[in-house]
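Comments concern the structure below.
Only heavy atoms go into these numbers, but all of them, side chains included; no hydrogens, no water, no symmetry mates. So you know, we letter chains A, B, ... as the sequences are listed, proteins then strands, and number each from 1.
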There are 2 protein chains.
Amino acid sequence: MTATSDPAERLALVLAEGGLQRMTARVLAALLFTEQETMTAGEIAEALTISSGSVSTALKSLTGIGLIERVPAPGSRREHFRIREGAWATLMSNQNAVVTVMRDAAEQGIAATGPDSPAGRRLAEMRDFYDYLWREMPALIERWRADRAGSR
Amino acid sequence: MTATSDPAERLALVLAEGGLQRMTARVLAALLFTEQETMTAGEIAEALTISSGSVSTALKSLTGIGLIERVPAPGSRREHFRIREGAWATLMSNQNAVVTVMRDAAEQGIAATGPDSPAGRRLAEMRDFYDYLWREMPALIERWRADRAGSR
DNA sequence: TTGCATCTTCAGAAATCTCTGAAGGTTCGA
DNA sequence: TCGAACCTTCAGAGATTTCTGAAGATGCAA
């Protein structure tokens, strides 16, 4: 286990634990910690010493999730990328997809076992909890967005 | 990709995506969907057709996280297990550890880059968001616990 | 204390995932 | 239209993770 002292690499490690591919996490961290406004794929590959293929895959993935965006770069043939405004809220919202899946899984389980069996009761507790989150989480994030927009 | 129609297996898949080991997820799902009040390690191994070693590891892990508990079993030599009350809230709370780490990572990044650089500004947005979650999430879960306790 | 049923640990086999590198595509300027 | 710079895709090597099975530990009954 390489003990990384570089803050960017350390963050990448955490993001990787959280489910991102390792290289994808490193690319995101690089974009977060760079002193430039944007980076090109080539710059990222060089900075991290990884193959252009890996960078390409990572950028595709991050763009898909909505964490970064392609920036039109006048006068250059290269694609420029940067982290999007509100990326972290987006990341959180995506993770909330899990909440939906959990709730639905519980619901289907209840449908399959009936509500009055031991399994049904356990599943109902699960369903109620995720249903609660499903109702409350969007509001929580919305409040963040509103607060931030207001105070800027 | 095996298309599982069994609700338990499908849930296990989701839990696995969420970071649990595959066998650990399957064991949790088995305990959730069983019609018995509790299950022994042997029963789980048989139900899932996996080695006793895997079951043992999974149970150890789930117990450690606080999702299941060992139930004293009078008149039996075997250990009995069941899902704990409030397991889902516990799972959620654990995942919030990530929030702390993210906030701290951002904080350290700012300390390293200074707050007035492009990187510093990006990191500040990140820090503010996770700090917000760090303040709000525990309250959200606490409210759930209170509501549930009240309505029962 | 002995024997039995059960659980735990762990080394290594097997499955899985990840990254690279090279070939091919795309876009832009001239 | 051509060439150069850059990006994307993908097969396969290599690294990593995961599961099993067997040996050993544990706890209970008699």
(request) Would you kindly give the CG-to-P distance between A:Leu62 and D:dC7, to the nearest whole Å? (result) 16 Å
(message) It should be established whether A:Lys60 places a side-chain nitrogen or oxygen under 4.0 Å from OP1 or OP2 of nucleotide D:dT9.
(response) yes
(message) Between P on D:dT16 and CD on B:Gln21, what's the gap in Å once rounded to a whole number?
(response) 16 Å
(message) Any side-chain to backbone donor/acceptor pair from A:Thr34 onto A:Ala30? Under 3.5 Å, distance only.
(response) no
(request) Tell me which nucleotide among D:dC19, C:dC19, D:dT8 gets nearest to the side chain of B:Ser54. (result) D:dC19
(request) Measure the shortest side-chain to side-chain distance between B:Met137 and A:Leu140 over non-hydrogen atoms and say whether it is less than 4.5 angstrom. (result) yes
(request) Determine, using the 4.5 Å side-chain heavy-atom cutoff (strictly less than), whether B:Leu20 and B:Ile44 are members of one ILVMFWY cluster. (result) yes
(request) Give a yes or no on whether a salt bridge exists between B:Asp6 and B:Arg10, defined as a side-chain N under 4.0 angstrom from a carboxylate O. (result) no
(message) Can you tell me how far apart CZ (B:Arg70) and CZ (B:Arg82) are? Round to the nearest 0.5 Å.
(response) 13.5 Å
(request) Rounded off to whole Å, could you give me the CD-to-C1' distance for the B:Glu17 and C:dC17 pair? (result) 14 Å
(request) Take the protein atom CZ of A:Arg26 and the nucleotide atom P of C:dT18, then report the distance between them rounded to whole Å. (result) 15 Å
(message) Taking B:Asp104's backbone N and O only, do any of them form a donor-acceptor pair with B:Tyr130's side chain (distance below 3.5 Å, no angle check)?
(response) no
(message) How many whole angstroms separate atom NE2 of A:His80 from atom P of C:dC28?
(response) 13 Å
(request) Round to the nearest Å and state the distance from B:Met23 atom CE to D:dT17 atom P. (result) 17 Å
What pairs of nitrogen or oxygen atoms, one from the protein and one from nucleotides 11-16 of chain C, lie under 3.5 Å apart?
none

(request) Step by step, work out the side chain to side chain donor-acceptor pair (under 3.5 Å) result for A:Ser51 and A:Ser54. (result) CA-CA 5 Å; A:Ser51 75; A:Ser54 294; 3.1 Å; yes
(request) Drop me the distance from A:Thr57's OG1 to A:Leu62's CG, to the nearest 0.5 angstrom. (result) 10.5 Å
(request) Pull out every residue in residues 43-53 of chain A that has a heavy atom closer than 4.0 Å to any atom of DNA chain D, ordered by number, or say none. (result) A:Ser52, A:Gly53
(request) May I ask you to test the A:Phe81-A:Met39 pair for a side-chain heavy-atom distance under 4.5 Å? (result) no
(message) As a test of reading the structure: which of C:dC19, D:dC19, D:dC7 is closest to the side chain of A:Glu79, going by heavy atoms?
(response) D:dC7
